[in-house]
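One structure is given here, and the rest of the page talks about it.
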Protein chains: 2
Amino acid sequence: MVIFVSDKQQDSRTRLLDSALRVVRAKGYSATRIDDLCSDAGVTKGSFFHHFRSKDDLMLSAVGHWDTMTGNLFAQAPYHHLDDPLERLLAYLEFRKDLLVGDLPNFTCFAGMITQEAYETRPEIVAACERSISGHAATLEADIREAMSLYGIQAEWSAEGLALHTQAVLQGAFILAKAKGGAAIAAESIDHLVRYLKLLFSTHNQT
Amino acid sequence: MVIFVSDKQQDSRTRLLDSALRVVRAKGYSATRIDDLCSDAGVTKGSFFHHFRSKDDLMLSAVGHWDTMTGNLFAQAPYHHLDDPLERLLAYLEFRKDLLVGDLPNFTCFAGMITQEAYETRPEIVAACERSISGHAATLEADIREAMSLYGIQAEWSAEGLALHTQAVLQGAFILAKAKGGAAIAAESIDHLVRYLKLLFSTHNQT
DNA sequence: TCTTCAATACCAATCAGTCGGTATGGTGTA
DNA sequence: TACACCATACCGACTGATTGGTATTGAAGA
């Protein structure tokens with residue numbers, strides 16, 4: 001929230017999109033009411049339907065909003081400066097761990113949550129979530145590929161697959177965190193992922 | 001579904017619980033209507049409210065139902081016969097891969113889905129899901145502990161933490177599968193997890 | 001005056017839950 | 001055997017609240 005939400009007093013449209021990220025991550029897609037979004041955004045229903053045709057229309061835009069917000073966040077993150085591509089990847093995961101602060105809905109993934117709920121009923125929205133998740137994974141893929149050639153890894157797994165695996169671990173970590181009611185278990189899962197990557201790229205273990 | 005659903009012509013109560021597992025995994029918790037469950041179970045609303053006080057009451061029972069169904073499934077699974085505890089663990093994951101068949105809602109985790117959606121609003125139900133997930137993880141913990149001592153692993157990670165990590169990977173794999181619209185990516189994530197465990201327990205890599 | 005944005009009252013559909021009543025089968029008793 | 005009595009299971013029309021969406025009006029800037 002504190003991270004992903006734009007400045008106060010944005011225009012109504014942006015405030016509604018910000019509210020969608022907040023409220024949906026707390027209550028889920030179906031349970032989120034249009035009135036919830038309006039009151040969270042401090043906006044009336046008339047304004048809502050001026051800017052969006054329907055709830056689903058807003059949600060589709062909200063996925064795009066999520067994508068640009070997170071895109072900016074990771075683009076500005078510190079881990080890109082490192083020289084070694086493996087170090088960049090590991091620093092990315094440290095950065096993900098640093099984001100595990102505040103209440104749980106603060107750091108869980110909007111796209112992942114919606115994918116779960118909307119899978120059967122809103123294919124368009126799920127497709128947008130897929131593009132967001134895969135697009136983010138793609139930003140790791142380059143580093144992974146570079147690390148593979150730098151460390152001379154000839155593997156039966158692909159850079160793309162490993163990048164997606166990191167996202168799977170993160171998504172799963174969020175669920176476990178919700179189940180356990182705390183971020184600690186999520187951090188532990190990320191630690192396991194870091195350990196895996198280190199083992200994978202240690203020169204003794206080329207598979 | 002084909003796996004987790006009891007025989008036809010059970011009593012109405014059991015049919016409603018089976019329907020809950022099916023319908024919720026397809027449509028999500030909030031989007032599941034009582035009428036959906038009734039028509040899926042071939043039962044009337046009157047019958048529903050004869051057996052359950054409310055929707056939430058049924059859902060709480062459904063988590064217990066899920067727990068016993070999956071408990072039986074894994075108790076009867078073939079991987080327990082192996083002598084080596086690490087082999088048992090790896091065979092468990094192969095078994096999980098074998099379960100990735102049919103439509104996506106067939107093999108996703110009821111408890112994990114509900115945890116996502118109900119986290120803020122139904123603490124009791126989430127607590128039941130947590131017990132189910134952690135209880136399942138606990139069945140792996142013994143094997144992990146045994147493998148640690150057999151392979152002489154002195155680690156900074158715990159058997160419990162690693163067991164929970166396997167569940168996190170599975171949960172995340174399900175989300176990615178829904179995003180990508182197929183089970184393949186989930187299998188790939190499980191492969192990465194298997195590779196991690198092998199590296200972790202290979203005697204060259206004691207951390 | 002025309003367009004953009006927003007406020008409020010309102011509508012129709014949906015949905016969780018209620019309620020009065022029925023069907024069936026078991027048990028005790030004469 | 002026959003009858004009264006009761007409990008469990010079930011039925012489905014109905015209700016009141018919720019909710020997505022609409023219609024109407026107003027206000028401010030260009």
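Note that this is a predicted model, so its numbers are computed, not measured. Just so it is clear: chains get the letters A, B, ... in the order the sequence lines come, proteins before strands, and each one is counted from 1.
Residue S132(B) forms a side-chain hydrogen bond (donor to acceptor under 3.5 Å, both in side chains) with just one option from D67(B), T68(B), T115(B), and that option is D67(B).
Listed by chain and number, the residues in a ring pair (Phe, Tyr, Trp, His ring centres under 6.0 Å) with F48(A) are F52(A) (sequence neighbours excluded). Partners of A31(B) according to the side-chain contact (heavy atoms from CB on, under 4.5 Å) rule, which considers only residues two or more places apart in sequence or in another chain, are S30(A), K27(B). In terms of the side-chain contact (heavy atoms from CB on, under 4.5 Å) criterion, residue partners of A183(A) (sequence neighbours excluded) are, by chain and number, L100(A), F107(A). For R122(B), the side-chain contact (heavy atoms from CB on, under 4.5 Å) partners two or more places apart in sequence, or in a different chain, are Y29(B), D56(B), A118(B), I125(B). Residues passing the side-chain contact (heavy atoms from CB on, under 4.5 Å) test with S149(B): none are found, sequence neighbours excluded.
A heavy atom lying under 4.0 Å from DNA chain D marks none of the residues of residues 113-124 of chain A. Within residues 26-41 of chain B, the residues having any heavy atom under 4.0 Å from DNA chain C are, by residue number, T32(B), R33(B), I34(B). Within residues 45-54 of chain B, the residues approached by DNA chain D to less than 4.0 Å at the level of any non-hydrogen atom are G46(B), S47(B), H50(B), H51(B), in residue-number order.
The stretch residues 172-182 of chain A participates, sequence neighbours left out, in these salt bridge (Lys or Arg N to Asp or Glu O under 4.0 Å) pairs: K180(A)-E130(B).
First and last contacts of DNA chain D with chain A, using any nucleotide atom under 4.0 Å from a protein heavy atom and ordered 5' to 3', fall at dT19(D) to dT22(D). With a cutoff of under 4.0 Å to any heavy atom of chain A, the contacted region of DNA chain C is bounded 5' to 3' by dC5(C) to dT8(C).
For the pair L164(A)/E188(B), no side-chain contact is recorded, criterion being any heavy-atom separation below 4.5 Å from C-beta on.
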With a cut-off of 3.5 Å and sequence neighbours excluded, list every side-chain donor-acceptor pair involving residues 84-92 of chain A.
from, atom 1, to, atom 2, distance (Å)
D84(A), OD1, L86(A), N, 2.7
D84(A), OD1, E87(A), N, 3.3
D84(A), OD1, Y151(A), OH, 3.4
D84(A), OD2, Y151(A), OH, 2.6
R88(A), NE, D143(A), OD1, 3.0
R88(A), NE, D143(A), OD2, 3.4
R88(A), NH1, L82(A), O, 2.8
R88(A), NH1, D83(A), O, 3.1
R88(A), NH2, D143(A), OD1, 3.0
R88(A), NH2, E146(A), OE1, 3.2
Y92(A), OH, R96(A), NH1, 2.9
Y92(A), OH, H136(A), NE2, 2.7
Y92(A), OH, Q167(A), NE2, 3.2

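For the residue pair S158(A) and G161(A), the shortest heavy atom distance occurs at OG-N, 2.9 Å. Between C109(A) and Q171(A), the shortest heavy-atom contact is SG-NE2, 3.4 Å. Nearest heavy atom pair, residue E120(B) against residue P105(A), reads OE2-CG, 3.7 Å.
Mapping D56(A) and R13(B) onto DNA chain D by nearest heavy atom places R13(B) closer to the 5' end of the strand.
Checking D191(A) against H165(B) by side-chain atom types alone, no donor-acceptor pair falls below 3.5 Å. A donor-acceptor contact under 3.5 angstrom links the side chains of T14(A) and D11(A), judged on distance only.
Ion pair E156(A)/R195(B) flagged as a salt bridge, since at least one NZ, NE, NH1 or NH2 atom sits closer than 4.0 Å to an Asp/Glu carboxylate oxygen.
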